[in-house]
Student: 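My questions all concern the structure below.
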Protein chains: 2
Amino acid sequence: MTAVENVTGPISSFDPYERGCPSRDLLDQIGSKWAVLVLGELGRNGMSRFGRLRQALAGVSEKMLAQTLRTLERDGLVSRTVHAEVPPHVEYELTALGQTLREPLKALTQWSVLHIEEVITARQEYDDRGERSR
Amino acid sequence: MTAVENVTGPISSFDPYERGCPSRDLLDQIGSKWAVLVLGELGRNGMSRFGRLRQALAGVSEKMLAQTLRTLERDGLVSRTVHAEVPPHVEYELTALGQTLREPLKALTQWSVLHIEEVITARQEYDDRGERSR
DNA sequence: CGGCATCCTTTAAGATACTG
DNA sequence: CAGTATCTTAAAGGATGCCG
């Protein structure tokens, strides 16, 4: 959790396994439900607007989408561009930093789609087995 | 969200962008705070016990660790082996399915460690900029 | 259109104590 | 040792209404 520069070389002691380490919270944030989908959508289709994102992420509320976008913007992963028009026109886009998350998140999303059936089967077996033996 | 078998071939219409799709919940689950760390720890050091996991994941409560392990076990990602001894001895290990998650999750964890400083800087700039202009 | 503010309900998480 | 049960607190999420 201490800094990174050191006379003898870089230390980079950030470790999500340590309590209170900011990298743990970041990991939690980028892995959160709506953030994953927002980043995925912007990664696939590029720049998008609030309303379009809301449609793309079926079931997201205004509040959660706005909140997620604010956090991603603050973290430097997404840029927000306001066009001074009436009615308002706001565009969201991945930053260079946000782009570096595309592959890791895509892999995770694809994993969930690819293996969801195995997981569903495992759940059924676990439930059928009953809570016996525990 | 419909099934997968079809006379004309597989459909596999699972899409986390659809509301209520089980792959969305799975994605949420595997990306959750403690699950990521448990899977990462078991991926790096192999089989482990409850107490060791608790130490490895600094700050986790008994309750959350137990809950996370139950969910991972139910999903077929982690196996639980009870050795009938006194005192009790329980070992957790990644299943074959859980192994397939190692790389994707490792990439995500490494990303958070690698880029946390850029994010911290971005946050400071965002905050310094003030909530003005919004 | 793209929000933010407020209120309220539902979950998740944490601390503590106790058991097989 | 490896949990479960219980209680309390914190955070997530939804509904509604207002505004630039």
Side-chain angles (χ1 to χ4, degrees), chain A residues 16 19-20 24-38 41-42 47-74 78-93 126 130-134, chain B residues 19-20 24-38 41-42 47-74 78-93 126 129-134:
Chain A
R19 75 194 287 165
R24 177 185 283 188
D25 296 311
L26 177 59
L27 182 54
D28 195 29
Q29 172 55 31
I30 62 178
S32 73
K33 190 175 178 178
W34 300 120
V36 169
L37 297 180
V38 166
E41 175 65 16
L42 293 178
M47 182 176 292
S48 191
R49 300 177 56 176
F50 190 89
R52 278 191 50 191
L53 285 171
R54 211 188 155 184
Q55 288 185 296
L57 280 59
V60 70
S61 67
E62 261 181 20
K63 182 186 167 186
M64 283 300 105
L65 181 56
Q67 200 173 99
T68 301
L69 286 167
R70 278 308 81 72
T71 303
L72 292 175
E73 187 195 357
R74 189 169 102 100
V78 164
S79 68
R80 177 172 179 269
T81 310
V82 182
H83 298 274
E85 300 173 4
V86 177
H89 189 109
V90 182
E91 290 180 324
Y92 294 94
E93 193 174 14
Y126 181 94
E131 275 63 32
R132 301 171 257 106
S133 82
R134 89 183 34 259
Chain B
R19 75 194 288 167
R24 176 184 284 188
D25 297 311
L26 177 59
L27 182 55
D28 196 28
Q29 172 55 32
I30 61 178
S32 74
K33 189 175 178 177
W34 300 120
V36 169
L37 296 180
V38 167
E41 175 64 17
L42 293 179
M47 183 177 289
S48 191
R49 300 176 55 175
F50 190 90
R52 279 192 48 193
L53 285 171
R54 207 186 159 188
Q55 287 184 298
L57 280 59
V60 72
S61 66
E62 273 181 11
K63 181 186 161 185
M64 289 318 299
L65 181 55
Q67 197 174 101
T68 301
L69 286 168
R70 277 310 82 70
T71 303
L72 292 174
E73 186 195 358
R74 188 168 102 100
V78 164
S79 68
R80 178 172 179 269
T81 308
V82 182
H83 298 274
E85 299 173 5
V86 178
H89 188 109
V90 181
E91 290 181 323
Y92 293 94
E93 191 174 15
Y126 181 93
R129 220 180 295 140
E131 276 61 35
R132 300 171 257 106
S133 82
R134 89 180 40 259

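Sequence lines set the chain letters: A, B, ... in the order given, protein chains first and strands last, and positions in each chain run from 1.
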Student: Between A:Phe50 (CZ) and C:dC4 (C1'), how many Å, whole number?
Tutor: 10 Å
Student: How many whole angstroms separate atom CG of B:Leu65 from atom P of D:dT4?
Tutor: 11 Å
Student: Is any side-chain heavy atom of B:Tyr92 closer than 4.5 Å to one of B:Arg52?
Tutor: no
Student: Grab the two heavy atoms, one from A:Ala35 and one from A:Gln29, that are nearest each other, plus how far apart they are.
Tutor: CB-O, 3.5 Å
Student: Within less than 4.0 Å of OP1 or OP2 of C:dC1, is there a side-chain N or O belonging to A:Arg52?
Tutor: no
Student: With respect to the side chain of A:Ala66, which nucleotide from C:dC4, D:dG3, C:dG2 is positioned closest?
Tutor: C:dC4
Student: Ignoring the backbone of A:Met64, work out which of D:dG14, D:dG20, C:dG3 is nearest its side chain.
Tutor: D:dG14
Student: Hey, are the side chains of A:Glu41 and A:Leu53 touching, using non-hydrogen atoms and a 4.5 Å cut-off?
Tutor: yes
Student: I need the NZ-P distance between A:Lys63 and D:dT16, as an integer number of Å.
Tutor: 14 Å
Student: Heavy atoms only: give me the nearest A:Pro16-B:Leu37 pair and the separation to one decimal.
Tutor: O-CD1, 3.7 Å
Student: Quick one: B:Glu91 CD to D:dC1 C1', roughly how many Å, whole number?
Tutor: 13 Å
Student: Using a 4.0 Å heavy-atom cut-off across all strands, classify A:Glu62 as base, sugar-phosphate, or nothing.
Tutor: base
Student: Any side-chain N or O of B:Arg54 below 4.0 angstrom from OP1/OP2 of D:dG3?
Tutor: no
Student: Can you tell me the distance, in whole Å, between the CD atom of A:Gln29 and the P atom of D:dA11?
Tutor: 14 Å
Student: Between C:dT11 atom C1' and B:Lys33 atom NZ, what is the distance in whole Å?
Tutor: 15 Å
Student: With respect to the phosphate group of D:dC1, does any side-chain polar atom (N or O) of B:Arg49 fall under 4.0 Å of OP1 or OP2?
Tutor: no
Student: Is any side-chain heavy atom of B:Asp28 closer than 4.5 Å to a side-chain heavy atom of A:Val36?
Tutor: no
Student: With a 4.5 Å heavy-atom cut-off, do B:Val82 and B:Pro88 have their side chains touching?
Tutor: no
Student: Would you say C:dG3 has OP1 or OP2 under 4.0 Å from some side-chain N or O of A:Tyr92?
Tutor: yes
Student: Rounded off to whole Å, could you give me the CG-to-P distance for the A:Leu37 and D:dG13 pair?
Tutor: 12 Å
Student: Is the distance from OP1 or OP2 of C:dA13 to the nearest side-chain N or O of B:Ser61 less than 4.0 Å?
Tutor: no
Student: Looking only at side-chain atoms of B:Arg70, point me to the closest of C:dG3, D:dC1, D:dT4.
Tutor: D:dT4
Student: Take the protein atom CG of A:Asp28 and the nucleotide atom C1' of C:dA12, then report the distance between them rounded to whole Å.
Tutor: 12 Å
Student: What are the two closest non-hydrogen atoms of A:Val60 and A:Arg54, and how far apart are they?
Tutor: O-NE, 3.7 Å
Student: Considering the terminal five base pairs at each end of the helix from C:dC1-D:dG20 to C:dG20-D:dC1, what angle separates the two local helix axes, rounded to 10°?
Tutor: 60°
